[in-house]
Amino acid sequence: MNWINVTTWETHVSVTSSVSSITVEGIDLQGNLVDSAGLTINFTGPLPSPAPTNELVFNEIHYHPLEPNAEFIEIHNRSANTSYDLDGFRIEGVDMDFGPQSLIGPGEYAVLAENVAQFANVYTNVEVVMGSYAGNLDDQGEMLRLLSPSVSNTWRLLDQVRYDNNAPWPVMAAGTGPSLQLQDGAQDNRRAGNWAAVTNTLPRYTPGASNSVPFQMPVMPALWINEIMPQNTSTIADN
């Protein structure tokens, strides 16, 4: 909820159909119900489908900060006009389950913190934090997957990144201060070359805001070399 002035406020809620009913209740300082009103929301536009795989992306990963318990993950909604409720979504790798009304609007950033209290101490802008996760990011690198619920108790993969603390990944993100920041959200974020760690005067981390390392990456071609075995000692030997 956002208070515009003493008597005016606004809030965002998610709806799942073209006609939705909600109830707004006023509570006093003692927790007593003062008044309530029912509202009917009529949505005349097309209902958005579940988030496509190219709109919700891992945008920043601070896996080895200088301060203890200060790591975070950031997700960016690349859509220009669609909000998504991440209720029931999951980040595999850090044991993160999103709760009700986890809304991320068009162009917004959702920050998931290891420890909300420590995040507030280190980064101050705790209002950007959507939630905290039970696990932690591996300093040696690991796979992160953003999953949404699908039919028959299955999961749909929306985005995945396998970061590392060794080259070709930016090694400055491994405990020297900077986070991993995505350079071009329109391109594949599984590419190590699409991530940077800031080492100059630019912000070393940008939770809840656009990254400080924007760069238009070249489009990855549809065909590339996928595997090379320079020396084979277990089957038909080379040389």
Side-chain angles (χ1 to χ4, degrees), residues 1-60 72-92 94-117 119-120 123-135 145-159 185 207-210:
M1 178 180 292
N2 177 38
W3 284 93
I4 299 172
N5 53 48
V6 175
T7 60
T8 307
W9 53 269
E10 66 178 8
T11 188
H12 294 171
V13 297
S14 63
V15 295
T16 58
S17 61
S18 57
V19 179
S20 302
S21 298
I22 63 172
T23 300
V24 179
E25 296 182 341
I27 307 296
D28 65 17
L29 294 177
Q30 286 72 43
N32 302 311
L33 178 64
V34 177
D35 200 357
S36 65
L39 298 175
T40 299
I41 300 173
N42 294 292
F43 181 69
T44 58
L47 291 175
S49 59
T53 55
N54 63 343
E55 288 198 350
L56 296 177
V57 298
F58 290 110
N59 190 64
E60 188 170 4
F72 66 84
I73 303 168
E74 180 187 82
I75 295 173
H76 178 42
N77 180 5
R78 296 184 56 248
S79 173
N81 49 32
T82 303
S83 298
Y84 294 105
D85 186 354
L86 305 185
D87 182 21
F89 285 42
R90 172 181 296 177
I91 297 181
E92 191 177 76
V94 291
D95 195 16
M96 172 68 196
D97 293 306
F98 291 86
Q101 295 296 325
S102 297
L103 296 175
I104 178 170
E108 290 184 350
Y109 304 87
V111 176
L112 300 318
E114 177 187 19
N115 183 294
V116 176
F119 184 97
Y123 309 107
T124 68
N125 57 338
V126 69
E127 63 274 6
V128 304
V129 177
M130 181 175 287
S132 60
Y133 43 85
R145 291 185 175 94
L146 177 61
L147 306 172
S148 66
S150 188
V151 296
S152 302
N153 296 319
T154 61
W155 293 92
R156 179 168 174 258
L157 178 64
L158 299 180
D159 191 33
S210 57

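No hydrogens, no waters, no symmetry mates; every other heavy atom, side chains included, goes into these values. Positions are given from 1, in the same order as the sequence printed here.
- E108 and N77 form no side-chain donor-acceptor contact under 3.5 Å, judged by distance and modelled atom types alone.
- Residues V126 and V116 have side chains in contact (heavy-atom distance under 4.5 Å, counting atoms from C-beta outward).
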| request: List the steps and the verdict of side-chain contact (heavy atoms from CB on, under 4.5 Å) for S21 and T40. | output: CA-CA 4 Å; S21 298; T40 299; 4.0 Å; yes
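- Considering only heavy atoms from C-beta on, F119 comes within 4.5 Å of V128 through its side chain.
- Using cut-offs of 30° and 60° for the angle between ring planes, the H76 and Y109 rings count as parallel.
- Residue N5 places its CG atom among more than 12 non-hydrogen atoms of other residues, nucleotides or ligands, all under 6.0 Å distant.
- Side-chain N or O atoms of D85 include one that pairs as donor or acceptor with a backbone N or O of S102 at under 3.5 Å.
- Side-chain contact between F98 and R90 is absent, with no heavy-atom pair separated by less than 4.5 Å.
- The distance from atom CE of M130 to atom CD1 of I104, rounded to the nearest 0.5 Å, is 5.5 Å.
- Heavy-atom minimum distance, Y133 versus L112: CE2-O, 3.4 Å.
- At a threshold of 4.5 Å between non-hydrogen side-chain atoms, the residues R78 and V57 count as touching.
- A side-chain donor-acceptor contact under 3.5 Å links D28 to the backbone of G31.
- Checked by atom type, the side-chain pair Y84/E55 shows a donor-acceptor distance below 3.5 Å.
- Looking at every heavy atom in both residues, R145 comes nearest to F58 through C-CZ, 3.8 Å.
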| field | side-chain contact (heavy atoms from CB on, under 4.5 Å) between F89 and L158, worked out | value | CA-CA 10 Å; F89 285 42; L158 299 180; 3.5 Å; yes
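- Judged by distance alone, the side chain of S152 and the main-chain N or O of T154 form no donor-acceptor pair under 3.5 Å.
- Considering only heavy atoms from C-beta on, L56 comes within 4.5 Å of L86 through its side chain.
- Between E92 and L146, every side-chain heavy-atom pair lies at or beyond the 4.5 Å cut-off.
- Residue E25 comes nearest to S36 through the heavy atom pair CG-CB, 3.8 Å, listed as atom of the first residue, atom of the second, then distance.
- In plain terms, the two heavy atoms of W155 and L147 that are nearest each other are CE3-CB, 3.7 Å.
- Two residues are said to be in side-chain contact when any heavy atoms from C-beta on lie closer than 4.5 Å; L39 and V24 meet this criterion.
- The two residues P106 and T82 come nearest to each other via the heavy atoms CG-N, 3.5 Å.
- In terms of heavy atoms, D87 sits closest to Q101 at CB-N, 4.3 Å.
- Side-chain contact between P207 and V111: present, with at least one pair of heavy atoms (C-beta onward) separated by less than 4.5 Å.
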